[in-house]
There are 2 protein chains.
Amino acid sequence: MARRSDHTREELKELALKSAEELLNDKSASELSTRQIAAKMGYTVGTLYQIFKNLPDLLLHVNARTLKILYDDCLALNLTSDNHQKNILAYANVYLEFAHSHPGLWELIFDNQILNDDELPDWYLQQVNSLFSLIEIQLKAIQPGASATEVTKTSRVLWSSVHGICTLSINNNLFAQSACSSEELIQSLISHFIMGWTTPTKQKARGKSE
Amino acid sequence: MARRSDHTREELKELALKSAEELLNDKSASELSTRQIAAKMGYTVGTLYQIFKNLPDLLLHVNARTLKILYDDCLALNLTSDNHQKNILAYANVYLEFAHSHPGLWELIFDNQILNDDELPDWYLQQVNSLFSLIEIQLKAIQPGASATEVTKTSRVLWSSVHGICTLSINNNLFAQSACSSEELIQSLISHFIMGWTTPTKQKARGKSE
DNA sequence: GCAATTATTTAACAATGCTCAATAATTACT
DNA sequence: AGTAATTATTGAGCATTGTTAAATAATTGC
């Protein structure tokens with residue numbers, strides 16, 4: 001058979017991504033396979049390779065959609081409060097809630113095995129940056145005097161830390177013994193870190209920023 | 001052939017683990033295979049399955065050895081300083097340096113695909129806990145008044161955050177654009193977080209711990 | 001309505017984790 | 001010493017994986 005034209009190229013792409021995403025509701029990223037995705041689409045593997053370069057490429061596009069959802073969820077919060085620490089916490093909770101409700105998709109974002117992070121395309125990096133910038137805006141509001149470099153750095157610290165808490169507390173049961181929820185951990189991280197970040201530095205140790 | 005007795009059961013175990021570790025010097029965890037390990041040992045896959053239940057089991061033992069190295073490295077620091085924040089930073093740098101010098105082993109520790117974290121054995125969890133306890137000792141020294149729960153929680157927050165920074169900055173190039181080293185990020189995290197944690201709480205927001 | 005195009009499939013390759021029957025070397029026993 | 005029981009090790013095999021490339025069938029253009 002050929003040129004069934006049941007779906008346009010664009011529809012096929014959408015279909016493939018949606019199929020992969022649905023499969024990730026039930027399985028983890030490592031259990032996902034091209035044949036499974038193709039089967040769910042009602043097509044064969046060969047078709048998949050006409051739309052995407054390979055499986056990592058497909059998964060990269062899944063990730064891009066996930067990042068967009070995260071970004072939109074953050075925007076949907078419509079934060080207007082002057083309590084910028086509370087705002088950052090709200091953003092963190094968007095991550096956390098998404099990680100809890102879509103562990104498969106979340107896992108995939110930070111999966112270094114499947115994705116080859118060595119050469120992430122520009123359009124993807126820009127999406128990541130726009131997420132960072134949300135935090136940077138809040139940080140800048142907290143300390144208007146901070147340099148751009150310092151704000152960037154701080155946003156990375158916060159994002160990485162939130163990420164660490166999300167992954168370790170969700171995929172790993174290393175915390176089973178310490179009966180504290182990931183919400184609590186993130187609350188602790190952000191409140192204490194921001195508190196320390198904004199505390200007037202009397203005489204900070206060498207190597208300290210700001 | 002049979003019963004070559006070239007190696008005892010225990011020697012085989014050691015040989016297998018060492019072979020896996022050596023392979024991880026050049027490849028990432030996902031590229032590791034049973035046949036490769038067996039070949040490096042000078043044996044066949046079948047032998048591997050007489051020593052370990054399966055590949056995840058083997059890798060779990062690799063991880064256990066990595067954790068031991070980390071723990072020993074921490075002890076070797078022989079920290080006696082009263083500057084407990086500095087001590088924690090020293091521990092963090094042990095992690096970071098190990099992650100940099102042995103990315104394959106480091107990656108494996110936090111790999112949720114390969115390892116099935118659902119049911120980590122007790123002896124493994126205890127190893128993790130002993131690493132945590134090093135941090136907890138320092139935290140307890142910083143704030144003797146803090147409850148055991150609070151100290152445990154805080155150690156988890158710090159460990160997760162350090163982990164997040166290590167993984168994201170090593171495997172992921174999301175930080176390529178923000179020209180700051182992982183050392184700087186960790187320094188920022190720890191100094192600010194501890195500062196915030198120890199800052200006398202005048203009137204903290206609701207939900208705050210301590 | 002025939003020919004060119006192309007969407008889709010099928011088959012195939014190499015490699016994976018894992019199992020189990022075949023095999024060969026060492027012990028145990030007479 | 002020589003046969004029998006034991007067992008360490010292998011090798012073949014299964015199902016699955018990602019990926020490619022040739023075969024196939026349907027649509028378009030003439």
Side-chain angles (χ1 to χ4, degrees), chain A residues 1-17 19-20 23-24 26-63 104 108 111-119, chain B residues 1-17 19-20 23-24 26-63 104 107-108 111-118:
Chain A
M1 28 216 89
R3 196 178 303 186
R4 297 193 333 201
S5 292
D6 287 355
H7 303 95
T8 78
R9 200 127 183 135
E10 212 50 44
E11 284 172 334
L12 276 179
K13 195 170 176 176
E14 171 69 25
L15 188 56
L17 294 177
S19 301
L23 285 170
L24 281 173
D26 299 327
K27 0 185 146 257
S28 78
S30 62
E31 296 164 338
L32 206 58
S33 81
T34 54
R35 285 174 173 87
Q36 281 176 26
I37 299 174
K40 187 139 201 156
M41 294 172 63
Y43 282 80
T44 327
V45 277
T47 307
L48 226 43
Y49 283 84
Q50 222 142 354
I51 318 172
F52 299 100
K53 191 173 150 249
N54 47 25
L55 182 56
D57 182 37
L58 190 158
L59 297 179
L60 182 75
H61 284 82
V62 170
N63 277 348
L108 190 60
D111 190 310
N112 310 112
Q113 321 284 338
I114 293 174
L115 246 63
N116 224 351
D117 298 15
D118 290 338
E119 287 184 22
Chain B
M1 27 215 92
R3 195 179 304 187
R4 298 190 336 200
S5 293
D6 286 356
H7 304 95
T8 77
R9 201 128 183 132
E10 212 50 44
E11 284 172 335
L12 277 179
K13 195 170 176 176
E14 172 69 25
L15 188 57
L17 294 177
S19 301
L23 285 169
L24 282 173
D26 300 326
K27 0 186 145 255
S28 77
S30 61
E31 295 164 338
L32 205 59
S33 80
T34 54
R35 284 175 172 86
Q36 281 177 26
I37 299 173
K40 188 139 201 154
M41 294 171 63
Y43 283 79
T44 327
V45 276
T47 307
L48 226 45
Y49 283 86
Q50 221 144 353
I51 319 172
F52 299 100
K53 191 172 149 248
N54 46 27
L55 184 56
D57 183 37
L58 190 159
L59 297 179
L60 182 74
H61 283 82
V62 171
N63 277 349
E107 197 184 0
L108 190 60
D111 189 312
N112 310 113
Q113 320 284 340
I114 294 174
L115 247 63
N116 224 351
D117 298 14
D118 291 338

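Chain letters run A, B, ... following the sequence lines, proteins first and then strands; every chain starts at 1. Note that the coordinates shown come from a computational prediction; the quantities given were computed from them, not determined experimentally. Note: hydrogens, waters and symmetry copies are ignored here, and every other heavy atom, side chains too, is used.
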Looking at A:Leu48, A:Leu32, A:Ile37, which one forms a side-chain contact (heavy atoms from CB on, under 4.5 Å) with A:Leu55?
A:Ile37
d(CG, A:Leu15; C1', C:dA7) in whole Å
15 Å
Within the structure shown, what part of the strands sits under 4.0 Å from A:Ile37 by heavy-atom distance: base, sugar-phosphate, or nothing?
nothing
Base, sugar-phosphate or nothing for A:Glu31? Non-hydrogen atoms, less than 4.0 Å.
nothing
Quick check: closest heavy atoms across B:Glu11 and B:His7, and the distance to 0.1 Å?
OE1-CA, 3.1 Å
Nearest to the side chain of A:Arg9, heavy atoms from C-beta on, is which of D:dT19, C:dA7, C:dT8?
C:dA7
Closest approach to the side chain of A:Thr47, judged atom by atom: which nucleotide of D:dT10, C:dT8, C:dC18 is it?
C:dT8
Please name the pair of heavy atoms, one in A:Asn63 and one in A:Leu108, separated by the smallest distance, quoted to 0.1 Å.
ND2-O, 3.3 Å
Between C:dT9, D:dT17, D:dT10, which one does the side chain of A:Gln36 approach most closely?
D:dT17
Rounded to whole angstroms, how far apart are CG on A:Leu59 and P on D:dT17?
14 Å
When the distance from CG of B:Leu58 to P of C:dC18 is rounded to whole Å, what number comes out?
10 Å
Considering only side-chain heavy atoms of A:Arg35, which listed nucleotide, C:dC18, C:dA12, C:dT10, is closest?
C:dA12
Rounded to whole Å, the CD-P distance (B:Glu11 to D:dA8) equals 14 Å
Assuming nearest nucleotide by heavy-atom distance, tell me which of A:Ser33 and B:Leu12 is located more 5' along DNA chain D.
B:Leu12
Between P on C:dT9 and CG on A:Leu48, what's the gap in Å once rounded to a whole number?
11 Å
Side chain of B:Tyr49: nearest nucleotide among C:dT16, C:dT19, C:dT8?
C:dT19
Counting side-chain heavy atoms from C-beta on, which of D:dT9, C:dT19, C:dG17 comes nearest to B:Leu55?
C:dG17
Give A:Leu32 one of three labels, base, sugar-phosphate or nothing, depending on what nucleic acid heavy atoms sit under 4.0 Å from its own.
sugar-phosphate
Side-chain donor/acceptor of A:Gln50 to backbone N/O of A:Thr47, under 3.5 Å
no
Write down the distance between OH (B:Tyr43) and P (C:dT23), rounded to a whole number of angstrom.
21 Å
Nearest-nucleotide check on DNA chain C, B:Gly46 vs A:Thr44; residue mapping nearer the 5' end is A:Thr44
Distance, rounded to the nearest Å, where B:Ile51 contributes CD1 and D:dT10 contributes P
10 Å
Proximal nucleotide (of C:dT9, D:dT9, C:dT19) relative to the B:Gln50 side chain
D:dT9
Take the protein atom CD of A:Glu10 and the nucleotide atom P of C:dA7, then report the distance between them rounded to whole Å.
14 Å
Where the side chain of A:Thr44 meets the backbone of A:Gly46, is there a donor-acceptor pair that is under 3.5 Å apart?
no
